[in-house]
Amino acid sequence: MIKPQAKRRKRPEGAAPAETLLAWYDAHRRDLPWRAPPGRQADPYAVWLSEIMLQQTTVATVKGYFEKFLVRWPTVEALAEAPLEDVLAAWAGLGYYARARNLHACAGKVARDHGGRFPAREAALLDLPGVGPYTAAAVAAIAFDAPCAAIDGNVERVMTRLYAIETPVRQAKPLIREKTQALLPAARAGDFAQALMDLGAMVCTPRGPLCGLCPWAQNCAACRAGAQEDYPVKEKKAEKPKRRGAIFILRRGEETLLARRPPEGLFGGMSAFPATPFSRDVGPDEWLDFAPCPAEWRALAEPVAHVFTHFALRATVFVARTEAAPRFGADCRWAARRNLDKEGLPTLMRKAAAAAGLFDD
DNA sequence: TAACCGTGGAT
DNA sequence: TATCCAAGGTT
């Protein structure tokens, strides 16, 4: 059976949208540490590493971490052989620490199961820990030039504007995918993916989009209607709960304090101080029930404030000293004060340590 | 499916 | 100060 010829829309301007965008990209592309120079093949390891770091994280924040990781672990094998604690410590401050655990697991899987080479196919990439639909498509396109639609927040914004999609993005994802796939060029899939993201980051911005500089402005339904900023349509999000809790800093002598590694959940795998649960509202009169041991706990006057994705926290910091060595849970240990700083603490714990004056000298 | 999972910068 | 949001994934 003969496939019907795909209907081709007439393009009085000549170029297909992808070609227009690629021409714009060639002139305006951002120079980023993980990008290969024009015409050169990107290193799949560097592409993957950058994509994991960039999940929900700004380019400006990622740059320093990316370069530090690449110097320390230049290949996926090197990363696979590194102790997980080292990787987590290097990740400290970047947030979403499950990404670091999955990063290490993924490196191990690539080293063991794929001979140290990242698979080139989207489906195989999807099987790797920490690699979801976006990242699989992005790595396949950017590192292997596969014609895959890498749909992130930028692309959702560009597409909902281009086609004036009124449906809230959560429900419009299948439509957005369809529209994006229809635009994929026959060649330069990797550049197209990056061009779309550069367009979203530099021109088709969430607020104040620069439609005058947009190569697609003439084709953009939202722009023609002067309604760029009405898209994407979002559902209003739930109010962020405010929670309270306590953090316990137990000191032994001047240079030693009690650290803990939560096995999972918030700060899973990271070094932290013992604390009350933050997931529910434990009343202040119950806080000391969660202290690692009985002691003369002294509360700092001013709580530390920290905002997470799904709740805002004000945590009271308790400090106590002990000369004894009571028994603690298996995930607790005594740590040198100076090492703890080096080890990397999540930001909340760093704030608590600073409030307690641990890093004063 | 919805909740969970960090952080810092812009407005 | 409050809100949004940045190259999402997992459970």
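By convention in this document, chain letters (A, B, ...) are assigned in the order of the sequence lines, proteins followed by strands, and residues within each chain are numbered from 1. Every value quoted in this text rests on a predicted model; they were computed, and no experiment measured them.
- Side-chain atoms of A/Q194 and A/R29 form no donor-acceptor pair, as typed in the model, at a separation below 3.5 Å.
- Between A/F118 and A/W48, the ring-plane angle classifies as tilted under the 30° and 60° cut-offs.
- For A/L128 and A/L32, each mapped to the nucleotide of DNA chain C holding its nearest heavy atom, the one lying further toward the 5' end belongs to A/L32.
- Note on A/W48: nothing from the nucleic acid sits closer than 4.0 angstrom, heavy atoms only.
- Relative to the six-membered ring of A/F278, A/R243 misses at least one condition, a distance below 6.0 Å or an angle of at most 45° to the axis.
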Please tabulate the protein-to-nucleotide N/O contacts below 3.5 Å involving nucleotides 8-11 of chain B, giving atom names and distances.
none

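- Of all nucleotides listed (B/dC4, B/dG6, C/dG9), B/dG6 comes nearest to the side chain of A/F308.
- When the side-chain nitrogen and oxygen atoms of A/H310 are compared with OP1 and OP2 of B/dA3, none of them lie within a distance under 4.0 Å.
- Along DNA chain B, the nucleotide closest to A/L266 and the one closest to A/R170 are compared, and the more 5′ of them pairs with A/R170.
- Shown here are the side-chain contact (heavy atoms from CB on, under 4.5 Å) partners of A/D26, two or more places apart in sequence or in another chain: A/R188.
- Looking at the side chain of A/K237, the nearest of the listed nucleotides C/dG9, B/dG6, C/dC5 is C/dC5.
- Closest approach to the A/K234 side chain among C/dG8, B/dG6, C/dC5 is made by C/dC5 (side chain taken as heavy atoms from C-beta onward).
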